[in-house]
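All residue numbers in this chain count up from 1 along the given sequence. Computed over heavy atoms, backbone and side chain alike; hydrogens, waters and symmetry mates excluded. On a predicted model such as this, the values are computed, not experimentally measured, just so you know.
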Amino acid sequence: SSGGHNGISSLVDSLGTDRIPRLRIGVGSPPGNGELIDFVLGSFGPNEEPVIQQTVEAAARIATAFGEEGYEGAANSYAAWKEQSAGKQQ
């Protein structure tokens, strides 16, 4: 499923399958009754920048692991990142 993303829809249509590997990065939900489009497409605040930088770096490591080691390598890289992230929040 494209999840409403036109770029993914285009890939699925071109490839004839939705069985493609994807790395998804969530942005959460808008606070209160905020507008979803503005929230998703808006700029990050200064206090969010460190989290964004860490997330982009982790996504790059996970994507590299996928390219070099396949799904299992990416899953292991993701699990290590989640464990490390959980340790920082405590």
Side-chain angles (χ1 to χ4, degrees):
S1 163
S2 69
H5 296 276
N6 291 335
I8 298 295
S9 290
S10 178
L11 284 171
V12 168
D13 289 345
S14 294
L15 296 172
T17 182
D18 64 356
R19 296 182 51 87
I20 53 177
R22 292 179 252 183
L23 176 61
R24 300 179 192 184
I25 302 173
V27 296
S29 300
N33 292 330
E35 185 67 34
L36 182 60
I37 292 173
D38 292 338
F39 180 74
V40 171
L41 299 178
S43 299
F44 296 111
N47 61 330
E48 296 171 305
E49 291 295 331
V51 173
I52 299 305
Q53 182 65 35
Q54 292 167 2
T55 302
V56 168
E57 289 170 4
R61 284 193 304 275
I62 294 165
T64 298
F66 180 81
E68 294 175 353
E69 305 167 42
Y71 178 82
E72 187 173 339
N76 289 337
S77 184
Y78 173 76
W81 173 74
K82 286 295 285 186
E83 186 175 306
Q84 180 184 22
S85 295
K88 288 181 180 179
Q89 292 177 358
Q90 293 179 4

Legend entry - E49 versus Q53, side-chain donor and acceptor atoms under 3.5 Å: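 Side-chain D/A pair, Q53 to E49: absent.
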
Hphob cluster co-occupancy, [X] + [Y], side-chain heavy atoms under 4.5 angstrom:
X	Y	value
Y78	L23	yes
F44	L41	no
F39	I37	yes

Legend entry - Any residue meeting side-chain contact (heavy atoms from CB on, under 4.5 Å) with L11, in chain and number order, not counting sequence neighbours: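 Listed in chain order: I8, I20.
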
Legend entry - CD/E35: more than 12 non-hydrogen atoms of other groups inside 6.0 Å: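 It does: E35 CD has more than 12 such atoms within range.
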
Inset, instruction - Report, as yes or no, whether the 6.0 Å neighbourhood of atom CZ on R22 holds more than 12 heavy atoms from other residues, nucleotides or ligands. - result: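 Counting other residues, nucleotides and ligands, CZ of R22 exceeds 12 neighbours.
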
Inset, instruction - Could you pull out the closest heavy-atom pair between P46 and P50, with the gap in Å? - result: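 Closest pair (atom of P46, atom of P50, distance): O-CD, 3.7 Å.
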
Legend entry - Distance (rounded to the nearest 0.5 Å) between W81 CH2 and Q54 CD: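 Answer for the CH2-CD pair, W81 versus Q54, is 9.0 Å.
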
Inset, instruction - Would you check if F66 and S77 make a side-chain contact, meaning some heavy-atom pair closer than 4.5 Å? - result: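 Counting from C-beta outward, F66 and S77 never come under 4.5 Å.
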
Legend entry - T64 (side chain) donor-acceptor with A60 (main chain) under 3.5 angstrom: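 At least one qualifying donor-acceptor pair exists.
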
